[in-house]
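Comments concern the structure below.
Whatever order the structure lists ligands and atoms in, that order sets their numbers, starting from 1. The model shown is predicted, which means the values in this text are computed figures rather than measured ones.
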Amino acid sequence: MSDEILYKNISELRNMLDKEIISSVELTQEFLNRSKKINPEINSVISHTEEYAMKSAREADMAIKDQKTKFLTGIPVMIKDNISTKNIETTAASKILNGYIPPYDATVIKNLLNDKAIICGKTNLDEFAMGSSTENSSFGAVKNPLDLSKVPGGSSGGSAASVAAGQCVFALGSDTGGSIRQPASFCGVIGMKPTYGLVSRFGLIAFGSSLDQIGPLSRSVEDCANILNSISSFDQKDLTSLRRPFNNFGEKIGESIEGLKIGIPKEYLVEGIESGVRIAYENSLKELEKSGAILEEISLPLSEYALAVYYIIAPAEASSNLSRYDGIKYGKSTDIAKNSIEHTLRSRGEGFGNEVKRRILLGTYVLSAGYYDAYYLKAQKVRTLIREEFQKAFNKFDAIITPTTPNVAFNLDEKINSPYQMYLNDVCTIPVNIAGLPAISIPNGIDNNLPTGLHIIGPRMGDQTVIQIAHHYEKISQWKIKPKI
Ligand code: GLN
């Protein structure tokens with residue numbers, strides 16, 4: 001079989017499966033073979049779930065024969081390893097969860113299984129999703145399949161790399177400050193963070209609970225909409241889950257973008273933006289204008305504070321969320337301890353990596369009695385102001401467009417020792433999480449032989465409009481780079 005099949009999108013494969021040109025068993029085996037072959041080199045997958053996948057594929061083939069298919073039936077998917085999978089080890093790429101096997105499936109997994117998608121493996125990530133390069137993993141760094149000397153972005157770097165490298169057709173990631181969109185941009189695929197609350201967080205290993213959201217990484221915008229249709233649902237097990245009718249996310253696909261008002265925030269063309277990224281961005285804006293969108297410069301001055309607000313709120317929530325890892329309830333325990341306090345301290349000391357420790361220290365500090373008002377409370381107030389500033393902008397605009405990141409994929413090891421440089425990578429994506437908005441990243445150019453990303457942000461519940469604009473852009477542009485592996 002030609003390896004072309006490994007780069008098709010779900011719609012194309014759906015057609016082939018339904019016409020029985022290929023079976024899900026054959027398709028799944030193709031992907032698993034490819035994935036196991038290249039994984040020692042790119043390290044995007046922590047564990048392959050071959051037996052489970054083949055069993056699910058046989059069941060999917062039966063459903064296909066009975067003509068009882070959904071969009072995802074029989075389609076191979078990989079799952080970021082901070083999403084709980086029943087009876088399958090879930091590590092969050094941390095030593096502290098070594099050997100932890102969840103007794104239940106996350107709600108998104110239940111939804112995927114309900115549609116008979118085929119789970120082929122768990123993908124590598126920055127430990128507890130803290131990072132922008134997938135170098136902070138206890139399983140080692142992931143390489144970008146488009147250039148093996150570069151990072152794939154992070155923290156969902158394993159998910160983005162596995163889609164780009166033909167190890168699966170689509171993947172799930174999680175996005176707290178850009179962790180779906182930034183790696184999607186670095187690996188030349190599509191990645192979307194939905195409106196906060198549309199996708200259940202039940203079973204997602206918590207990082208910053210008021211910011212975390214699960215979303216798809218895919219090869220086409222239509223696929224992205226259909227994956228969202230499958231994974232989003234109201235969930236009583238998630239207190240922030242939205243009660244609303246779950247419409248078709250692809251409802252506006254194909255509608256003209258003529259007359260749509262798009263805001264171009266001047267503050268996002270930050271100092272230090274690479275010229276290739278800027279050129280790609282400006283070209284995309286021209287294309288959208290030619291299609292009849294009305295572009296207008298806007299000012300979002302408070303976005304400048306989003307990064308500072310994020311690096312108070314996210315570590316604060318993380319320090320609280322990670323307090324449950326005491327060396328007793330889950331995963332790793334130390335071998336040497338004289339008493340229970342020492343046992344917990346040593347287990348945490350041995351189990352967490354440096355970036356996670358840095359966040360716990362930061363978070364504990366900003367929440368401590370003497371500093372709470374000065375840092376945490378103030379950050380919460382500024383968060384409200386940022387949210388209001390976006391709300392005001394969306395009274396006038398249908399969408400806001402920025403580059404996804406100020407630069408393309410950087411070298412492995414380049415930024416790992418300068419946290420601030422690493423944090424700056426998320427300057428365009430973080431404000432979106434602070435305000436709970438939907439946003440997508442779609443390939444929009446090539447700079448230094450690496451992909452750039454266009455970042456389309458919508459108002460709360462404006463997911464359909466974001467998808468409509470992205471789909472239109474995808475139709476008028478073609479940016480694909482073949483993997484080098
Ligand atoms: N890079 C950001 C961080 O390290 C965002 C991570 C994410 O979205 N999970 O916190």
Side-chain angles (χ1 to χ4, degrees), residues 79-83 92-94 123-137 141-142 151-160 171-186 191-194 196 199 201 204-217 306-322 352-363 366 379 383 404-407 409-410 414-441 453 455:
I79 309 291
K80 187 176 183 180
D81 205 22
N82 60 350
I83 299 176
S94 181
T123 56
N124 207 348
L125 65 152
D126 286 298
E127 185 177 359
F128 286 104
M130 297 173 190
S132 307
S133 64
T134 319
E135 292 170 293
N136 300 328
S137 164
V142 177
V151 300
S155 64
S156 312
S159 293
L172 293 190
S174 67
D175 191 314
T176 307
S179 273
I180 291 176
R181 292 160 286 156
Q182 185 254 20
S185 172
F186 279 15
M192 179 157 173
K193 183 200 94 68
Y196 183 80
V199 178
R201 288 180 297 107
L204 170 67
I205 294 178
F207 165 11
S209 308
S210 73
L211 304 153
D212 298 340
Q213 198 64 183
I214 296 172
L217 292 113
L307 201 65
V309 165
Y310 176 87
Y311 277 100
I312 293 172
I313 292 176
E317 294 183 9
S319 69
S320 163
N321 277 325
L322 269 55
F352 290 133
N354 283 345
E355 184 61 28
V356 175
K357 285 180 184 161
R358 185 182 288 126
R359 305 283 175 115
I360 293 174
L361 288 174
L362 251 172
V366 299
R383 180 177 191 173
T404 308
T405 57
N407 44 265
F410 45 90
E414 185 180 325
K415 299 194 177 175
I416 195 69
N417 292 319
S418 48
Y420 185 61
Q421 285 305 317
M422 193 70 96
Y423 296 173
L424 276 178
N425 244 273
D426 300 316
V427 61
C428 300
T429 47
I430 275 180
V432 168
N433 301 69
I434 296 289
L437 307 173
I440 199 167
S441 176
H455 188 217

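- Contact record, Tyr310 with Pro315: O-CD, 3.3 Å, taken as the closest heavy-atom pair.
- Proximity of Tyr311 to ligand 1, defined as any heavy-atom pair under 4.0 Å, is confined to the side chain (atoms from C-beta onward).
- Checked by distance only, ligand 1 and Thr176 come closer than 3.5 Å through their nitrogen or oxygen atoms.
- Under a 3.5 Å cut-off, the side chain of Asp212 and the backbone N or O of Phe207 do form a donor-acceptor pair.
- Backbone and side-chain nitrogen or oxygen atoms of Gly177 are examined, and one is located within less than 3.5 angstrom of a nitrogen or oxygen of ligand 1.
- Here Tyr423 has no heavy atoms under 4.0 Å from ligand 1, in either its backbone or its side chain.
- Protein heavy atom in closest approach to atom 6 (C) of ligand 1: Ser179 OG, 2.9 Å.
- The minimum heavy-atom distance linking Gly173 with Lys80 is given by the pair CA-CD, 3.9 Å.
- Within the 4.0 Å heavy-atom criterion, the part of Asp426 lying near ligand 1 is the side chain and not the backbone.
- At least one N or O atom of Ala129, backbone or side chain, sits closer than 3.5 Å to an N or O atom of ligand 1.
- A heavy-atom separation below 4.0 Å is not found between Ala314 and ligand 1.
- When heavy-atom distances to ligand 1 are checked against a 4.0 Å cut-off, Ser155 comes that close only through its side chain, counted from C-beta outward.
- When each atom of ligand 1 is checked for a heavy atom of Gly178 under 4.0 Å away, the hits are 8 (O).
- Of the residues listed (Ser174, Ser179, Ser155), the one engaging Asn82 in a side-chain hydrogen bond (donor to acceptor under 3.5 Å, both in side chains) is Ser174, and it is the only one.
- In terms of protein heavy-atom proximity, atom 5 (C) of ligand 1 is nearest to Tyr310 OH, 3.3 Å.
- Under a 4.0 Å criterion applied to the non-hydrogen atoms of Met130, ligand 1 contributes the atoms 4 (O).
- Exactly one residue among Ile440, Leu217, Asn433 makes a side-chain contact (heavy atoms from CB on, under 4.5 Å) with Arg181. That residue is Asn433.
- With values rounded to the nearest 0.5 angstrom, Met130 atom CE is found 6.5 Å from Ile360 atom CD1.
- Applying the ring pair (Phe, Tyr, Trp, His ring centres under 6.0 Å) criterion to Tyr196, with sequence neighbours excluded, gives no partner residue.
- Ligand 1 has no nitrogen or oxygen under 3.5 angstrom from a nitrogen or oxygen of Phe207.
- Asp126 places a side-chain N or O within 3.5 Å of a backbone atom of Asn136 that can act as its donor or acceptor partner.
- Using bins of under 30°, 30° to 60° and over 60° for the plane-to-plane angle, the ring pair Tyr423/Tyr311 lands in the parallel bin.
- When only modelled atom types and interatomic distance are considered, Ser132 and Asp426 share a side-chain donor-acceptor pair under 3.5 Å.
- Considering backbone and side-chain N/O atoms, Asp175 never comes within less than 3.5 Å of an N/O atom of ligand 1.
- Within the 4.0 Å heavy-atom criterion, the part of Arg359 lying near ligand 1 is the side chain and not the backbone.
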